[in-house]
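The figures that follow rest on heavy atoms only: side chains count, while hydrogens, waters and symmetry mates do not. Residue numbers start from 1 in every chain, and the chains themselves are labelled A, B, ... in the order their sequence lines are given, proteins ahead of strands.
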Amino acid sequence: MKRYDTQAPISAKVPSKAPWVFLGLAVVFLAVGSYLGLFVAPPEHYMGEVQRIMYVHVPTAWNAMLAFSFAFICALLSLFRADWKWDARMEAAIEVGIILSFLLCMQGSIWAKPTWGVWWDWDPRLTTTAVMLAAFLGILTLRRFVDDPVKRATWSAAATIIAFVDVPIVYFSVRWWNSLHQLQSTPETVSSAFHWPLRINAFGVLFLMIGLIWLRTRVASLRLQNELAPPPDEVPVAAGALHPEGAR
Amino acid sequence: MTGVVTGGWSFVIAAYGLTALVLIIYTASVVARYRRERQRVERGEP
């Protein structure tokens, strides 16, 4: 396993316009998908209009798990390659995953009330999702409290690998245990009238996730750049030199 | 009791509205943080 090089320069390439393109695509896809889901697709037979929440809930779930999966890959690469760019990408993926997971829980709760009669239930799917959100939130909090960039990168990468164990558990929870939450839908179990809004919104959230992770990675990289290589005018001063006593 | 959920538009609006609000606020925060960091680097500030 390599060691992080605190003198290693972070890429100074001219930033591309790619994240902005992804954000623009996301707006278009989400606008079209949501329009189809809200006004064109028919209501579901039993759940009626409430089922329209699926067109935003399911893409959010897929992409939240995708963001954490990407964070897991970044954590592995960050640890084994000791490359700062993977640490920055991991931080970005975790933050975006947390936002999507928070939204996932909120949307699910709003959908649960009219269909299950409760806002929340400690059922396996919901509980494992809450654990996933809390675990990754903890990692982001850990990063805030560790000042040393090497320790921060190492500890948070290790914690991300451990926290990721819950992601497949979230996915398979509805199969492994008796869950109030329905099983994963497939094109065979979903009416073809529901396919397009679901697919278009799935790509919309995917593009949004990519654009946000990309942009957030740049924020993390710029901060790291500042931490690892202070500006030249910031000359280290001997202890006590700034103190009136030391100026004598 | 028919077993069929009737109405429900208020829940749909709440779910879509909350999603849009959170995503817009978060995107704006990421863009603002990026611009702030870029400006700091361009000015050579620590």
Side-chain angles (χ1 to χ4, degrees), chain A residues 12 15 19-20 23 26-27 30 34 37-38 43-57 59-60 92 95-96 98-100 102-104 106-115 205 208 211-223 225-227 230-234, chain B:
Chain A
W20 305 104
L23 292 180
V27 171
L30 286 172
S34 299
L38 287 170
E44 200 264 346
H45 185 73
Y46 293 106
M47 283 188 275
E49 309 296 351
V50 172
Q51 175 270 341
R52 296 181 193 280
I53 295 173
M54 178 186 78
Y55 304 121
V56 70
H57 182 64
T60 305
E95 192 177 282
V96 173
I98 286 170
I99 294 294
L100 293 177
F102 168 76
L103 275 177
L104 178 66
M106 292 295 111
Q107 295 157 352
S109 187
I110 293 169
W111 197 357
K113 182 62 181 165
T115 49
V205 181
L208 184 71
L212 286 173
I213 290 177
W214 206 320
L215 215 52
R216 182 62 183 79
T217 300
R218 287 184 183 172
V219 176
S221 296
L222 288 168
R223 284 178 183 167
Q225 202 173 25
N226 184 48
E227 272 185 297
D233 55 328
E234 203 176 83
Chain B
M1 294 283 278
T2 59
V4 176
V5 178
T6 53
W9 270 108
S10 55
F11 290 100
V12 177
I13 293 165
Y16 276 75
L18 183 78
T19 303
L21 187 72
V22 170
L23 290 178
I24 288 167
I25 291 172
Y26 180 67
T27 305
S29 108
V30 173
V31 171
R33 280 183 279 172
Y34 175 58
R35 289 197 173 143
R36 198 166 52 235
E37 288 300 318
R38 282 289 302 265
Q39 282 170 0
R40 187 183 53 72
V41 169
E42 280 162 14
R43 286 183 198 143
E45 290 171 6

Is the shortest side-chain heavy-atom distance between [X] and [Y] below 4.5 Å?
X      : Y     : value
A:Q107 : B:L18 : no
B:V30  : B:R33 : yes
A:I53  : A:V50 : yes
A:L208 : B:T27 : yes
A:E49  : B:F11 : no

Give, as side chain, backbone, both or neither, the part of B:V12 having an atom under 4.5 angstrom from any heavy atom of chain A. both
Contact part of B:Y16 toward chain A, heavy-atom cut-off under 4.5 Å: side chain, backbone, both or neither? side chain
Below 4.5 Å, heavy-atom pairs only: which of [options] has the largest tally toward chain B?
options                      : answer
A:P114, A:G48, A:A92, A:G37  : A:P114
A:K113, A:E44, A:M47, A:M106 : A:M47
A:L38, A:V96, A:L23          : A:L38

Of the listed B:S29, B:A15, B:A20, B:S10, the one with the largest count of heavy-atom pairs under 4.5 Å with chain A is B:A15
Could you tell me which portion of [X] (side chain, backbone, both or neither) has an atom closer than 4.5 angstrom to a non-hydrogen atom of chain B?
X      : answer
A:F102 : side chain
A:E95  : both
A:L215 : both
A:W20  : side chain

To the nearest 0.5 Å, atom OG1 of A:T115 lies from atom OH of A:Y46 at 15.0 Å
Roughly how far, to the nearest 0.5 Å, is CZ of A:R218 from CD of A:Q225? 12.5 Å
